[in-house]
Student: 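Dropping the structure in here first, questions after.
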Amino acid sequence: MNTKQAYEWAKELYAKLGVDTDAALEKLRKTPISIHCWQGDDVNGFLFQDIALSGGIQTTGNYPGRARNAEELRADLDFALRMIPSTHRVNLHAIYADTPEKVDLVDLEPRHFASWTDWAKERKMGIDYNPTCFSHPMAESGFTISSADPDVRAFWIEHCRKSRLISENFGRELGTKCVTNFWFPDGYKDIPVDREAPRYRMMTALDEARRDAVNPEYHLDALESKVFGIGAESYTVGSNEFVLGYCVSRGIACTLDAGHFHPTEVISDKISSVMQYTKELLLHVSRPVRWDSDHVVILDDELHAIAQSLVRGGIIDRTHIGLDYFDASINRVAAWVIGTRNMCKACLPLISNPPKCSKKPSWRETIPLVWLCWKN
Ligand code: RNT
Ligand code: ZN
């Protein structure tokens, strides 16, 4: 029996249960997964040579075959994409700029990503983006955009500002909105004297970084929280409360990373709460094992629960599903394929048979109003 035949039989069986498999697959096709490029090279990037991964995140393992340049990374991605049905998106970090020029993060422009744009265009894929606020000498203090040092702060504000312009360009070139995720590792290893000032600085610095008007058709801001990082165990500036408050008050998307909460907390239960107050959501689907260990996503209970929250809650269309894990101890291409396919597999049974929920009001544009009132 070939796969086509197997599908026809399955289709018939499911039809008897009232499930239209063609329609379900079509719907799944409209739910792209943003595949994180950084699984392919252990979050090294190609902009700087010999720079250690910092920011309290870590890849472990030394499996051979790490991509050494953008060309190799794209070839590996192409190989992975052949084993992943449907068209998805690729999520880039600033350090994946593909240029022979010696440029720093604050000098990056859309042209430094031209090869990525061409590559994505050929494949009819969208691109998502991230400023890289770690693995850089200016991040050595453990603080970036919330640093008390005005020069350090200005550097990261400028990097984030430029990132939004790069993002808008991706969106315009590829005809699909680029979601740009801001994540800052800023925090203290030990108990700080002042918990308030860094948060005030982060809030105002973010506003400054986001001062340019960008076309919302092409770009969306998202902000990611975290409970702690390695070397920042006692205090993280961008905590859950800080981030949620910022996203709601500014009308931007909140990013929920599955590994960024206490081990017994799950994002599957946070999604429906956050979505009462924000129009769009970005997910970093990952698999924390004891800590934010960024294991490859498997089809476990929490992945099913995440998909349930999205589909049963009727919010999958307002959600951008991204993956975020990096495992260097296994084949990196397999890691992409396994994680992405599992994310799709978790959504499919739910999409095939959506619940007939009671009618609920559609999303109202309350958030920008709240923000306007607050601003005035
Ligand atoms: C770190 C965050 C962040 C990064 C990527 C590389 O804990 O999850 O999203 O993993 O930006
Ligand atoms: Zn993340």
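Just follow the structure's listing: the first ligand is 1, and inside any ligand the first atom is 1.
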Student: Within a strict 4.5 Å, meaning less than it, do heavy atoms of the K177 and E217 side chains meet?
Tutor: no

Student: Decide, yes or no, whether a salt bridge links R199 with E196 under the criterion of side-chain N to carboxylate O below 4.0 Å.
Tutor: no

Student: We want to know whether N181 and Y129 form a side-chain donor-acceptor pair, criterion being a heavy-atom distance below 3.5 angstrom.
Tutor: no

Student: Using the side chain to side chain contact (heavy atoms under 4.5 Å, CB included) rule, take E280 and T319 through it: C-alpha gap first, then chi angles, then the decisive distance, then the call.
Tutor: CA-CA 6 Å; E280 288 174 80; T319 304; over 6 Å; no

Student: Present, as a list of atom pairs with distances to 0.1 Å, all nitrogen or oxygen contacts under 3.5 Å between ligand 1 and the protein.
Tutor:
from: ligand 1; atom 1: 7 (O); to: K226; atom 2: NZ; distance (Å): 2.7
from: ligand 1; atom 1: 7 (O); to: H260; atom 2: NE2; distance (Å): 2.9
from: ligand 1; atom 1: 7 (O); to: D292; atom 2: OD2; distance (Å): 3.4
from: ligand 1; atom 1: 8 (O); to: E224; atom 2: OE2; distance (Å): 3.0
from: ligand 1; atom 1: 8 (O); to: D257; atom 2: OD2; distance (Å): 2.9
from: ligand 1; atom 1: 8 (O); to: H260; atom 2: NE2; distance (Å): 2.9
from: ligand 1; atom 1: 8 (O); to: D324; atom 2: OD2; distance (Å): 2.7
from: ligand 1; atom 1: 9 (O); to: E224; atom 2: OE1; distance (Å): 2.7
from: ligand 1; atom 1: 9 (O); to: E224; atom 2: OE2; distance (Å): 3.2
from: ligand 1; atom 1: 9 (O); to: H284; atom 2: ND1; distance (Å): 3.2
from: ligand 1; atom 1: 9 (O); to: D324; atom 2: OD2; distance (Å): 3.0
from: ligand 1; atom 1: 10 (O); to: D324; atom 2: OD1; distance (Å): 3.1
from: ligand 1; atom 1: 10 (O); to: D324; atom 2: OD2; distance (Å): 2.8
from: ligand 1; atom 1: 11 (O); to: H93; atom 2: NE2; distance (Å): 2.7

Student: Verify the ring-centre separation between F170 and Y218: is it less than 6.0 angstrom?
Tutor: no

Student: Check which protein N, O or S atoms are less than 2.8 Å from the Zn ion (ligand 2) and report how many there are.
Tutor: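 With waters ignored, the protein N/O/S count below 2.8 Å is 4.
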
Student: When you check the side-chain N and O atoms of D149 and S147, is any donor under 3.5 Å from an acceptor?
Tutor: no

Student: Is it true that E265 and K270 have a side-chain N and a carboxylate O under 4.0 angstrom from each other?
Tutor: yes

Student: Any salt bridge linking D292 with K226? Criterion: basic side-chain nitrogen under 4.0 Å from a carboxylate oxygen.
Tutor: yes

Student: I'd like to know if R74 and D98 make a salt bridge, using a cut-off of under 4.0 Å between side-chain N and carboxylate O.
Tutor: yes

